[in-house]
Amino acid sequence: MKFKRLIWGSILIIALFLLCYNYSFNYSYLSNHGYCMESATAGNYLNYSKNQFFISSSINEIYSDYFGFYDMKFRTLSGMIIRSLFGMILFLLIFVRFWKFDVKKMIIIRRK
Amino acid sequence: MPDWITHVLVAWTLATILGFRFKEFSQPNSVIVILGALIPDLVKINILLWQLGLMYYDNFVVPIHLPIGSLLIAGLITLFFEKRKLIFSLLSIGILTHYSLDLLLFGGGIELLYPLNYIKWQIGIISVTDFNITLISVVIALVTYLIYKTVNNTKMVFS
């Protein structure tokens, strides 16, 4: 049973790796040949409104020069990291409430 | 994209509402739906890559935030559970809620059919910076929680 899981796990990891490699390769190829492909996540860093700044940092005005915007990116980045970490910790706490890892079976089972 | 608080609340709300009708969507299983809703945002590991100065690998992790990549990761997570079909279904529902919310955004789009093609899809009615969606999801989740508690208490009284 564990061996079967190992095989499936290996297949899925290899498939994921190939998918990621293919995407990355095509992105580099197309970018080098003049095409512009947006990353699904890059826009998040550069498109925050004042609301987001208030939530994630102590900045109370938006700078218009490139340096200020660059500085803004990392301040909102820390806010995003903090919210994501908070969300992850909260989720893990709730997850542990209902599920536990069975070391012998190497599997996650429901708590009774 | 909507933040993790929105994704968690929307996934939990959907699972709880389905739980009124289908016993598979119990509270422990709703946690699995929430896990599925967070899988696409594992792409935020690229923040760590940026911090480590490895931004050239930023595009390598993007497929995690695409349906095919998310489903592969769901498959990997399923291997750690016993009832694999049920767990994979719950994770897939969570992934579906994530993309349903992300498709509402404008600014970029998602290559839903990768690796078949690179067309980016979006409905484009909400800004990525709009915090109102979080407030709305909090309110709906609260209402759902109150209804869930009421229904549970009623069941306990009559059982």
Side-chain angles (χ1 to χ4, degrees), chain A residues 4-6 8-9 11-13 15-28 30-31 37-45 47-55 73-74 77 80-81 83-88 90-91 94-99 101-102 105-111, chain B residues 1 3-5 7-8 12 26-32 34-35 37-38 40-41 43-44 46-48 50-51 56-66 68-69 72-82 84 87 102 105 107-111 114-115 118 120 127-132:
Chain A
K4 205 172 161 187
R5 276 196 281 155
L6 197 63
W8 270 110
I11 291 169
L12 289 171
I13 288 172
L16 189 62
F17 180 83
L18 288 173
L19 212 67
C20 293
Y21 181 79
N22 179 59
Y23 189 94
S24 176
F25 176 80
N26 285 339
Y27 186 95
S28 301
L30 289 171
S31 294
M37 276 174 65
E38 277 180 55
S39 163
T41 55
N44 290 339
Y45 299 151
N47 195 25
Y48 274 79
S49 67
K50 275 185 178 174
N51 262 346
Q52 294 291 89
F53 293 144
F54 276 122
I55 290 159
K73 186 181 83 170
F74 283 101
L77 203 60
M80 203 156 75
I81 291 169
R83 278 206 306 275
S84 299
L85 270 173
F86 177 75
M88 178 54 87
L90 194 65
F91 163 74
I94 301 170
F95 187 88
V96 162
R97 160 76 179 81
F98 293 108
W99 300 86
F101 188 71
D102 187 335
K105 290 185 191 176
M106 291 288 291
I107 219 157
I108 296 171
I109 57 173
R110 195 182 292 195
R111 287 185 192 274
Chain B
M1 58 186 74
D3 55 43
W4 278 15
I5 296 169
H7 284 304
V8 164
W12 178 83
S26 56
Q27 284 301 294
N29 286 349
S30 70
V31 176
I32 305 298
I34 294 170
L35 176 61
L38 294 179
D41 270 356
V43 77
K44 285 184 179 165
N46 67 353
I47 299 173
L48 184 64
W50 274 76
Q51 294 295 306
Y56 298 108
Y57 299 101
D58 189 20
N59 294 310
F60 190 82
V61 296
V62 167
I64 294 173
H65 199 271
L66 300 176
I68 183 80
L72 284 175
I73 292 177
L76 278 167
I77 293 171
T78 304
L79 294 174
F80 287 97
F81 289 85
E82 284 181 312
R84 295 202 190 104
I87 297 296
D102 279 4
L105 301 171
I110 304 172
E111 294 117 327
Y114 174 79
Y118 283 87
K120 294 196 176 197
S127 164
V128 71
T129 59
D130 193 348
F131 200 57
N132 293 324

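Please read all numbers here as calculations on a predicted model, not as lab measurements. Throughout, protein chains are lettered first and strands after them, A, B, ... in sequence-line order, and every chain is numbered starting at 1.
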Rounded to the nearest 0.5 Å, what separation is found between the CD1 atom of I87(B) and the CD1 atom of I108(A)? 8.5 Å
What I'd like to find out is whether the side chain of R5(A) reaches to under 4.5 Å of the side chain of R84(B), using heavy atoms alone. yes
Tell me, side chain or backbone of S26(B) under 4.5 Å from chain A's heavy atoms, or both, or neither? side chain
Do you know which of F101(A), F98(A), F95(A) has the most heavy-atom pairs with chain B at a distance under 4.5 angstrom? F98(A)
Using non-hydrogen atoms and a 4.5 Å limit, figure out which bit of I68(B) sits close to chain A: side chain, backbone, both or neither. both
So, for L19(A) and L72(B), which heavy atoms are closest and what is the spacing to 0.1 Å? CD2-CD1, 4.0 Å
Ignoring hydrogens and angles, tell me if any N or O in the side chain of Y118(B) forms a donor-acceptor pair with the backbone of Y23(A) under 3.5 Å. no
To the nearest 0.5 Å, how far apart are CD1 in I94(A) and CD1 in I34(B)? 6.0 Å
Minimum side-chain heavy-atom gap Y114(B)-N22(A) below 4.5 Å: yes
Rounded to the nearest 0.5 angstrom, the CZ-CG distance for R110(A) and N29(B) is 4.5 Å
Flag if over 12 foreign heavy atoms under 6.0 Å of OH, Y21(A): no
Nearest 0.5 angstrom please: K4(A) NZ to L79(B) CG, how far? 10.5 Å
Value rounded to 0.5 Å, distance of CG in L35(B) from CZ in F91(A): 4.0 Å
Measure up the F81(B) and W99(A) rings against each other and bin them: parallel (under 30°), tilted (30 to 60°), perpendicular (over 60°). perpendicular
Under 4.5 Å between any side-chain heavy atoms of V8(B) and L90(A), yes or no? no
Of the non-hydrogen atoms in C20(A) and P63(B), which two are nearest, and what is the gap between them? CA-CG, 3.6 Å
Sub-4.5 Å side-chain heavy-atom contact between F17(A) and F60(B): yes
Can K105(A) and E82(B) be counted as an ion pair, charged N to O under 4.0 angstrom? yes
Neighbour count >12 (heavy atoms, 6.0 Å) for atom CZ, R97(A): no
Decide if atom CZ of F80(B) counts as having more than 12 heavy atoms of other residues, nucleotides or ligands within a radius under 6.0 Å. no
